[in-house]
Amino acid sequence: MTGSISQTIKLIQQKIPSKVKLIAITKQVGIEPMREAYGVGVRDFGENRLQEALDKQQQFEDLTDINWHFIGHIQKNKAKKIVENFEWIHSVDSLVLAKRLNRLAQESNLTPKVFLQVKVLPDPNKYGWEAEELIGDLAELDRYQNLKIKGLMTILPLGLSPEETLSAFEATAKLAAQIQQRGYENLPMKELSMGMSGDYLLAIAAGATMIRLGRTIFGSK
Ligand SMILES: *Cc1c(COP(=O)(O)O)cnc(C)c1O
């Protein structure tokens, strides 16, 4: 099957605007497929398990231009390693976690780029802020100077129609715009991390700047 991954990536790149960043989500994907993706220009890889990611980072030590993104829920005891080993963290899903990451970043003299994970539709199975809750936490988040807060990230609940999907992505973009209007210095909200294999075109239509694609590139695991 060699060649199919690079083919798929090229086709996706043709379909999406050049300013939208494709992050290859490589959880449970082996080194060879990742190298194939790298070979056609992918420089952003996303992982959701710390140990698996650290092992891969070691295997890719020779390639110094890769940006590593952490996309999974972060347990307390993993936070330090995640701050130390990822330049992007998409899954900052609570004030408590943000505070911890900020402190750890400060201690290590790092400034990771982060997304605040939100859910604009109620979803008991997902982490993240609901809109009103997040608005209430903004003033505090604005003080976390070691986190470069870039924007919002969302994962939609399963089973939505295309119309519902688009409207949920638009609601996320609108929430980002509302936050931006408040003028917090440390909350520029210019990026939107949203869109996965099944819904990335709708996410882009709603203003996504980063899409996170796994299965459509690497197949189902
Ligand atoms: C697995 C995962 C993705 C990729 O999902 P696909 O449906 O395989 O494209 C994107 N974002 C997060 C947070 C994930 O856990």
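Worth saying up front: this structure is predicted, and the values here are computed from it rather than measured. Indexing begins at 1, ligand by ligand and atom by atom, following the structure's order. One-based numbering along the sequence shown.
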For A206, enumerate each residue passing the side chain to side chain contact (heavy atoms under 4.5 Å, CB included) test, keeping only those at least two apart in sequence or located in another chain.
-> L166, F169, E170, M194

Salt bridge between K56 and E47, side-chain N to carboxylate O under 4.0 Å?
-> yes

With sequence neighbours excluded, residues passing ring-ring contact (aromatic ring centres under 6.0 Å, His included) with Y38 | none

At a heavy-atom distance under 4.0 Å, which protein residues reach ligand 1? Sort them by chain and number, would you?
-> I25, K27, I71, I155, M196, S197, R212, L213, G214, R215

Kindly give the cluster partners of F115, where membership spreads through any ILVMFWY side chain lying under 4.5 Å from a current member.
-> I23, I25, I71, W88, M153, I155, M196, M210

CD-CG distance between E87 and N85, expressed to the nearest 0.5 angstrom = 9.5 Å

Residue among H90, Q117, H69 satisfying side-chain hydrogen bond (donor to acceptor under 3.5 Å, both in side chains) with S193 | H90

